[in-house]
Amino acid sequence: QPILLNEDTTIVWLATRDGYNPMIQTNSYVFVAGVAVSPVANSYSNATAFTLTPLGPSDRIYYRTNLSDWLQYTGPFTLDGTAEIHCYSQLGTRNSITNQYTATFKVGPVTVSPGNRVFANAFDIVANNGTTNAAIVYGRGNEDAGPPPRSLAWITNIYTGPIPQAPDNSSYYIFSATKPGYTAADWVDRIYNAKMPLPNSALGTNLQISAPTLNTLTLFRPSYVWN
């Protein structure tokens, strides 16, 4: 099974087999603890400052992002988009293994109010997002509340303020939000079904409905009815 090393170690290996001369090999391993990255999260929804901490004795730390030039770490650095962080610790002339961490950025959830509803009066649709400098985008289906295409390639409407909803039609909206370097926000659906108005009559409400006229069927030629 693997041998866990957490300090400088020399290992002498001995291999034997009946009828064979034994073999001896000596290996020396130097140990330098790696580097921890914080904070750690599944994704980040805004610019985030990252801290590098050595996991053992260290003279200095080096890091780079997205295969840029190596920099000596002097304090927290800020990322505002998905990036690969590589880092290692140096002790004397020895280096630790290089650690890699993927910082994934995703636009935060879009909130849309009001929620799905059946309505009779006009109202405004309001959308918000907590990611700085993210653009909220939306699409609208037909006036019978049919859904629009669910693809950012088809969405060209940029939300700039409340969207008025008239009472004479229904709507199906989808919302998302985008930002360069970020994964787009999850889709949010809103369905607003207009309520049919009550019918109006020039005769008012005092209507008399008579029974239908009786229509008697007669035979046009002799026939028999069997029980």
Side-chain angles (χ1 to χ4, degrees), residues 1-15 23-113 127-138 150-153 155 158-159 174-188:
Q1 64 181 15
I3 300 173
L4 178 64
L5 303 180
N6 55 14
E7 61 184 356
D8 293 353
T9 304
T10 298
I11 298 178
V12 179
W13 310 93
L14 172 63
M23 291 291 296
I24 296 178
Q25 179 171 313
T26 301
N27 294 105
S28 295
Y29 302 91
V30 295
F31 177 81
V32 178
V35 178
V37 179
S38 63
V40 174
N42 290 332
S43 63
Y44 309 87
S45 60
N46 270 302
T48 301
F50 290 89
T51 300
L52 304 180
T53 305
L55 298 174
S58 174
D59 293 330
R60 62 195 66 86
I61 293 174
Y62 290 92
Y63 76 99
R64 65 181 180 180
T65 58
N66 292 335
L67 302 180
S68 62
D69 293 335
W70 289 101
L71 300 172
Q72 184 172 340
Y73 177 74
T74 57
F77 57 93
T78 299
L79 297 177
D80 193 14
T82 296
E84 296 281 349
I85 302 173
H86 296 85
C87 52
Y88 68 89
S89 176
Q90 189 174 79
L91 181 62
T93 59
R94 301 181 295 179
N95 298 331
S96 72
I97 61 171
T98 299
N99 296 101
Q100 176 180 329
Y101 177 71
T102 301
T104 301
F105 284 75
K106 180 177 180 179
V107 179
V110 178
T111 59
V112 182
S113 61
N128 290 286
N129 180 263
T131 297
T132 302
N133 295 327
I136 299 175
V137 296
Y138 68 94
R150 193 178 298 272
S151 170
L152 289 173
I155 300 300
I158 305 297
Y159 177 83
I174 56 173
F175 292 83
S176 183
T178 63
K179 181 178 179 179
Y182 284 61
T183 301
D186 294 335
W187 291 105
V188 175

Working to the nearest 0.5 Å, report the span between CD1 of Ile61 and CG of Leu71. 13.0 Å
Under a 4.5 Å cut-off applied to non-hydrogen side-chain atoms, are Asn129 and Phe175 in contact? no
So how far is it from Ile3 CD1 to Tyr29 OH, rounded to the nearest 0.5 Å? 7.5 Å
Atom of Thr78, atom of Ala47 and distance for their closest heavy-atom approach: CG2-CB, 4.0 Å
Under the side-chain contact (heavy atoms from CB on, under 4.5 Å) criterion, do Phe77 and Ile85 qualify, and how do the steps go? CA-CA 11 Å; Phe77 57 93; Ile85 302 173; 4.1 Å; yes
Please give me the minimum heavy-atom distance between Ala49 and Pro39, naming the atom from each residue. O-CD, 3.4 Å
Arg94 side chain near Asp8 side chain, heavy-atom distance below 4.5 Å: yes
Using modelled atom types and a 3.5 Å cut-off, is there a donor and acceptor pairing between side-chain atoms of Asp59 and backbone atoms of Gly92? yes
Would you say the side chain of Val112 lies within less than 4.5 Å of the side chain of Tyr159, judging by non-hydrogen atoms? no
Side-chain donor or acceptor of Thr132 paired with backbone N/O of Gly130 under 3.5 Å: no
So which heavy atom on Pro76 is nearest to which on Thr51, and how close? CG-OG1, 3.8 Å
First locate atom CG of Leu152, then atom OG of Ser176, and finally report the distance between them rounded to the nearest 0.5 Å. 5.0 Å
So do Val32 and Val30 actually touch side chain to side chain, heavy atoms under 4.5 Å? no
Nearest-0.5 Å distance, CG of residue Asn95 to OG of residue Ser58: 9.5 Å
Any donor-acceptor pair under 3.5 Å from Thr102 side chain to Thr104 backbone: no
Shortest non-hydrogen separation from Gly34 to Asn99 and the atoms involved: CA-OD1, 3.7 Å
4.5 Å side-chain heavy-atom contact, Cys87 and Tyr101: no
Does Phe50 form a ring pair (Phe, Tyr, Trp, His ring centres under 6.0 Å) with Tyr63? I'd like the steps, not just the answer. CA-CA 11 Å; Phe50 290 89; Tyr63 76 99; over 10 Å; no
Please answer whether the main-chain N or O of Ser89 pairs with a side-chain N or O of Ser96 as donor and acceptor at a distance below 3.5 Å. yes
Going from CG on Asn128 to CD1 on Ile136, what distance comes out if it is rounded to the nearest 0.5 angstrom? 6.0 Å
Side-chain heavy atoms of Ile24 within contact of Val12, under 4.5 Å: yes
Would you give the length of the straight line joining atom CD1 of Ile97 to atom OH of Tyr88, rounded to the nearest 0.5 angstrom? 13.5 Å
Write down the atom of Leu55, the atom of Ala33, and the distance for their closest heavy-atom approach. C-CB, 3.5 Å
Any side-chain heavy-atom pair from Val107 and Thr178 closer than 4.5 angstrom? no
My understanding is that only one of Thr82, Thr131, Asp80 makes a side-chain hydrogen bond (donor to acceptor under 3.5 Å, both in side chains) with Tyr182; could you say which? Asp80
Closest heavy-atom contact between Trp187 and Arg150? CB-NH1, 3.4 Å
Beyond-backbone contact of Leu52 with Val37, side-chain heavy atoms, under 4.5 angstrom: yes
Dump the intermediate steps for side-chain contact (heavy atoms from CB on, under 4.5 Å) on Phe31 and Thr9, then the final yes or no. CA-CA 8 Å; Phe31 177 81; Thr9 304; over 6 Å; no
Apply side-chain contact (heavy atoms from CB on, under 4.5 Å) to residues His86 and Trp70 and explain how you reach the verdict. CA-CA 9 Å; His86 296 85; Trp70 289 101; 3.8 Å; yes
